[in-house]
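Down below is the structure, laid out as structure tokens.
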Amino acid sequence: MRKAMATVVKTESGDKNGGATPSQLIDARIDELKDWRGEVLARVRALVKQAEPEVVEEWKWRGVPVWERGGIICTGETYKSVVKLTFAKGAALEDPAGLFNSSLEGNTRRAIDFHEGDEIKEDALKALIRAAATLNMSAKAGSARKKASG
């Protein structure tokens with residue numbers, strides 16, 4: 001599976017990563033996995049970029065790919081038996097396709113656990129990504145209005 005090219009990058013960690021950009025670090029993570037988890041992470045990453053072309057890639061918390069636009073949209077964590085896509089404000093999102101299957105008890109986050117062989121419902125996932133970015137941008141706009149009027 002081909003990796004999507006990075007569009008926008010920034011880093012919070014500066015030289016800690018030897019000058020590598022977050023996008024380069026995500027590329028390296030995908031390459032080092034060498035199994036279905038790398039393929040799923042690469043596919044999910046491509047879908048995030050298709051759904052939200054102005055997304056910013058980050059590398060946080062000692063090695064977690066993060067996609068942001070107006071705040072965190074989602075993170076892409078890899079574990080031994082799962083690739084976990086955690087939406088920072090997932091509890092506030094409509095999920096008509098029922099993609100969220102993990103972290104359902106929390107008040108804020110929701111996650112999608114992908115196991116080996118799972119089908120990725122691409123259109124539904126892209127809709128969820130767009131909804132998360134829209135929520136972030138509307139919250140950011142609301143915050144700016146409050147500051148301007150206060």
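These numbers were taken from a predicted model, which means no experiment stands behind them.
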**Item:** Gap between atom OG1 of Thr75 and atom CD of Glu58 - 0.5 Å precision
**Value:** 12.5 Å
**Request:** Nearest 0.5 Å please: distance from the CZ atom of Arg69 over to the OG1 atom of Thr134.
**Result:** 8.0 Å
**Item:** Flag, side chain of Arg29 to backbone of Gly63, donor-acceptor distance under 3.5 Å
**Value:** yes
**Prompt:** Cut-off 3.5 Å, side chains only: do Trp67 and Glu57 have a donor facing an acceptor?
**Reply:** yes
**Asked** Any salt bridge between Arg37 and Glu116, counting N to O under 4.0 Å?
**Response** no
**Item:** Short N-O contact, Lys80 and Asp35, less than 4.0 angstrom
**Value:** no
**Prompt:** Heavy-atom distance under 4.5 Å between the side chains of Arg45 and Ile30, does that happen here?
**Reply:** yes
**Prompt:** Tell me the side-chain hydrogen bond (donor to acceptor under 3.5 Å, both in side chains) pairs involving residues 86-101, sequence neighbours left out?
**Reply:** Glu77-Thr86, Lys89-Asn136
**Message:** Per the ring-ring contact (aromatic ring centres under 6.0 Å, His included) rule, what does the pair list look like for residues 89-127, sequence neighbours excluded?
**Reply:** Phe87-Phe100
**Ala111 versus Ser103, closest heavy-atom pair with distance** = CB-OG, 3.9 Å
**Message:** Please tell me whether Leu47 and Val82 are part of a single hydrophobic cluster in this structure, the criterion being side-chain heavy atoms less than 4.5 Å apart.
**Reply:** no
**Request:** Enter the distance from Glu32:CD to Asp27:CG here, rounded to the nearest 0.5 Å.
**Result:** 11.5 Å
**Message:** Under a 4.0 Å threshold between the charged nitrogen and the carboxylate oxygen, would Glu68 count as salt-bridged to Lys60?
**Reply:** yes
**Request:** Would you name the heavy atoms of Ile73 and Ala133 that are closest together and state the gap between them?
**Result:** CD1-CB, 3.8 Å
**Asked** Tell me the ring-ring contact (aromatic ring centres under 6.0 Å, His included) pairs involving residues 35-54, sequence neighbours left out?
**Response** none
**Request:** Can you measure from CD (Glu52) to SG (Cys74) and round to the nearest 0.5 angstrom?
**Result:** 10.5 Å
**Asked** Roughly how far apart are Leu41 CG and Ile26 CD1, rounded to 0.5 Å?
**Response** 7.5 Å
**Prompt:** Just wondering, are more than 12 heavy atoms of other shown residues or ligands nearer than 6.0 Å to CZ in Arg130?
**Reply:** yes
**Prompt:** Within a strict 4.5 Å, meaning less than it, do heavy atoms of the Leu125 and Ile120 side chains meet?
**Reply:** yes
**Request:** Please round to the nearest 0.5 Å and tell me the distance separating atom OG1 of Thr21 and atom CD of Gln24.
**Result:** 3.5 Å
**Item:** Close side-chain approach of Leu128 and Ile112, heavy atoms under 4.5 Å
**Value:** yes
**Asked** Side chains of Ser102 and Lys84: does their closest heavy-atom pair fall under 4.5 Å?
**Response** yes
**Request:** Please report the shortest heavy-atom distance between Ala88 and Thr108, naming the atom on each side.
**Result:** O-CG2, 3.1 Å
**Prompt:** How far apart are the closest heavy atoms of Ile129 and Ala51, and which atoms are they?
**Reply:** CG2-CB, 3.7 Å
